[in-house]
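Just so you know, ligand 1 is whichever comes first in the structure, and atom 1 is the first atom listed for that ligand.
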Amino acid sequence: MFKNLINLFFPPVCVGCHSFLGSNENVICTVCRHNIPLTNHHKSSENEAFKKFYGRIPVEYTSALFYFHKKGIVQELIHNLKYKKQEKIGTVLGNWYADDLKNLAIIQSVDEIIPVPLHKRKLKERGYNQLTNFGLTLSTQLKIPYNPNLLVRNIYSKTQSRKSFLNRSEGIDTIFDVTFTEKNHNKHFLLIDDVLTTGSTLEACSHALLKIPGAKISIVCMAMAHS
Ligand SMILES: [Zn+2]
């Protein structure tokens, strides 16, 4: 009732094109849904996201749901998710991707879903990790436990831009820490992130996770930068 009243005065609009949403639409309209550039990575394990990590870290499986273009629908989605408190976008994308991923044997062998963590100061500033709803929805739909506490980010960077990240002298092995006991051994971890660009953040996370004996890594992202 209250929600209907709010919708009467502030009707929800599509994140992609800002047109009013119909009652059966959530976050993005049907037109934008059809126009969104899909990677279809899940149809081939030797996809371009997977190849990004060749010679860097051993990955079992890697994929991204969408292509990310500057000024495109996907950029709008990610921007609203990260900076405009539109956390429900993560739920929509989680449900969308779970449909593609649920029948893959490699995904069925995953033991835990691990989000790229924010530094605790960043988490306080933003108020939420933009990966939480995406990860929790994948967790529910794929029936795989969600573990946001295994990895910790040690280094705070204000912009988290690629440049400042790569210019750091600390080296990638100090950015993330992992705290584990024997019960974490021999697990297949699915790392999740928003946009895959150079892959350096995910590489650093993987380095930390691979300190756990018997660890295997897979990676799933919401989007991948298209070059
Ligand atoms: Zn739209």
Side-chain angles (χ1 to χ4, degrees), residues 1-44 47-49 52 62-104 107 113 115-116 118 122 125-142 146 159-162 190 192-199 201-202 219-227:
M1 162 71 190
F2 186 60
K3 188 170 172 252
N4 288 343
L5 206 60
I6 287 178
N7 287 353
L8 188 66
F9 293 104
F10 303 101
V13 296
C14 169
V15 169
C17 66
H18 311 291
S19 65
F20 292 123
L21 289 174
S23 55
N24 58 341
E25 294 171 332
N26 190 14
V27 176
I28 57 170
C29 73
T30 313
V31 177
C32 285
R33 216 170 234 275
H34 284 292
N35 287 338
I36 215 159
L38 297 170
T39 67
N40 284 315
H41 283 162
H42 63 285
K43 292 181 178 167
S44 158
N47 61 62
E48 59 200 320
K52 235 180 203 305
T62 307
S63 70
L65 175 57
F66 307 133
Y67 284 116
F68 181 96
H69 298 108
K70 286 229 160 88
K71 309 215 183 295
I73 299 168
V74 178
Q75 195 207 16
E76 283 286 327
L77 279 170
I78 303 285
H79 181 82
N80 278 275
L81 170 64
K82 282 176 86 165
Y83 306 112
K84 303 277 177 182
K85 307 218 179 291
Q86 293 240 33
E87 284 184 81
K88 62 186 173 182
I89 292 170
T91 309
V92 171
L93 300 190
N95 278 315
W96 190 327
Y97 216 4
D99 272 347
D100 291 343
L101 298 172
K102 66 184 174 202
N103 296 320
L104 300 179
I107 293 295
I113 298 173
V116 170
L118 296 180
K122 182 73 136 197
E125 285 167 4
R126 186 171 292 163
Y128 60 98
N129 183 331
Q130 70 275 11
L131 301 172
T132 301
N133 281 357
F134 182 64
L136 287 173
T137 308
L138 286 176
S139 168
T140 307
Q141 299 292 342
L142 303 172
Y146 183 66
T159 59
Q160 305 222 343
S161 77
R162 192 164 42 135
L190 180 66
I192 57 167
D193 201 2
D194 42 48
V195 184
L196 172 60
T197 50
T198 63
T201 306
L202 287 158
I219 294 169
V220 159
C221 298
M222 296 173 183
M224 176 179 179
H226 206 194
S227 47

Backbone N or O of Leu101 within a donor-acceptor pair of the His42 side chain at under 3.5 Å? no
Worksheet item: Can you check whether Thr62's main-chain N or O pairs, donor with acceptor, with Asn47's side chain at less than 3.5 Å?
Response: yes
Ile192 versus Tyr97: any side-chain heavy-atom pair under 4.5 Å? no
Item to check | Heavy-atom donor-acceptor pair, Arg33 side chain to Ile28 backbone, under 3.5 Å | outcome: no
What lies under 2.8 Å from the Zn ion (ligand 1), restricted to protein N/O/S atoms, is Cys14 SG, Cys17 SG, Cys29 SG, Cys32 SG
When every non-hydrogen atom of Leu38 is compared with those of Trp96, the smallest separation belongs to CD2-CZ2, 3.9 Å
In short, Gly135 meets Ile113 closest at the heavy-atom pair O-CD1, 4.2 Å
